[in-house]
Amino acid sequence: MTAERAKEKPLSEVVRERRATPHFDPSAPVHEGDLAKILSAGLHAPSGYNLQPWRFVVVRDPEQRKKLRAAAMNQPKVEEAPVVIVACGDKEGWKKGDLDDALEMAKEHGYGGDAEHAVVKKNVTGFLGSQPGSAGGIAPDLGVWVNRHVMIAFTTVMWMAEALGYDTAPMEGFDEASVKKLLHIPDSVRVVALLAIGHRKGEDKPYGGRFPIERLCFADDWGKPLKLPE
Ligand SMILES: Cc1cc2nc3c(=O)[nH]c(=O)nc-3n(C[C@H](O)[C@H](O)[C@H](O)COP(=O)(O)O)c2cc1C
């Protein structure tokens, strides 16, 4: 991207044209202002009870990216891309301040009062704090719970990076324990996915196609064909 930044691409164009980029040009930077915009977009993602359990480790240091590559199945793009976002989810953030702070923030924005917030606090604690097998407890798998949320924020980050003219590569090919060790990520935190951001080197890989609507979307009942205009 040059000094005169391109206009943001429309979402429909980004969705259609995004590819998982195989190789990045290490010398083509991601501008700090853009990075701020990209991350801020992710932080605007929705979450259950607005608990925002996502955490992002932004890896830019070349030495650190080299080590991260080793923890990510030696994928060259981890070392090539100037920015690699390690998207994580904290299974315990909600009981270590996030719930209280989210409610306080809501109050500052004029959303809800003490009585409503007391109910929310009881509900969240009952839901996320329930033990498997406990009476009335619905015992969510907190790994699934953070995954659900982190991938929304992750995807929002990806769309914003693409809208600003960058290329991206999402990755699940990494060893979680090695990534956690390298980045000193606490035990309560899961590493959900990696996102490389930069400018591609060479061609993107070709479009691999997508299954049609009829195969994946149903009308009112599982398996019932959904008919929509072409
Ligand atoms: C969550 C997720 C994890 C992925 N992990 C990897 C990965 O570790 N390595 C890789 O080369 N591609 C990875 N991909 C890229 C996919 O292979 C790619 O998105 C898919 O083939 C469709 O291609 P397209 O995104 O270019 O349309 C991943 C994609 C997603 C969404």
Side-chain angles (χ1 to χ4, degrees), residues 8-26 28 30 38-39 41-47 52-60 64-91 141-183 185 189-217:
E8 277 178 36
K9 289 187 207 164
L11 181 60
S12 52
E13 194 181 309
V14 167
V15 170
R16 220 177 26 248
E17 293 179 0
R18 180 211 56 80
R19 295 278 70 81
T21 294
H23 288 285
F24 289 82
D25 178 354
V30 174
I38 288 165
L39 288 167
L43 304 191
H44 271 85
S47 55
Q52 307 163 57
W54 41 72
R55 306 286 185 267
F56 297 111
V57 184
V58 180
V59 184
R60 291 180 292 180
Q64 196 77 328
R65 280 190 282 116
K66 194 173 182 170
K67 292 179 190 159
L68 187 60
R69 171 180 176 172
M73 299 173 74
N74 199 29
Q75 300 193 62
K77 49 192 164 235
V78 177
E79 195 177 349
E80 294 165 358
V83 174
V84 180
I85 295 179
V86 179
C88 305
D90 191 344
K91 294 188 288 182
D141 175 333
L142 289 176
V144 173
W145 181 76
V146 292
N147 198 70
R148 175 182 300 146
H149 291 98
V150 171
M151 284 315 286
I152 298 178
F154 177 97
T155 307
T156 309
V157 162
M158 187 175 73
W159 292 145
M160 182 52 90
E162 294 270 346
L164 292 175
Y166 293 98
D167 296 300
T168 60
M171 281 168 272
E172 61 185 334
F174 58 88
D175 177 59
E176 184 177 16
S178 305
V179 173
K180 284 179 77 159
K181 191 165 175 220
L182 174 67
L183 304 177
I185 295 171
V189 174
R190 295 298 308 263
V191 180
V192 174
L194 271 48
L195 184 71
I197 305 176
H199 290 283
R200 70 173 177 259
K201 191 170 188 182
E203 288 303 303
D204 256 342
K205 72 179 172 56
Y207 174 59
R210 291 295 188 269
F211 296 132
I213 284 188
E214 308 78 70
R215 178 164 169 163
L216 304 176
C217 306

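Order of listing sets the numbers, starting from 1, for every ligand and every atom in it.
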Is it true that Tyr166 and His199 have ring centroids separated by less than 6.0 Å? yes

If only atom types and distance count, is the side chain of Arg60 paired as donor or acceptor with the main-chain N or O of Val83 below 3.5 Å? no

Cationic N near anionic O, under 4.0 Å, Arg200 to Asp167: yes

Shortest non-hydrogen pair, Glu203 vs Pro22, comes out as O-CG, 4.1 Å

For residues Ile38 and Met160, report the shortest heavy-atom separation together with the two atoms involved. CA-CG, 3.7 Å

Amino acids in close contact with ligand 1, where any non-hydrogen atom sits under 4.0 angstrom away: Arg18, Arg19, Ala20, Gln75, Lys77, Pro170, Met171, Glu172, Gly173, Lys205, Arg210

For Cys88, which of Val86, Ile85, Asp90 qualifies under side-chain contact (heavy atoms from CB on, under 4.5 Å)? Val86

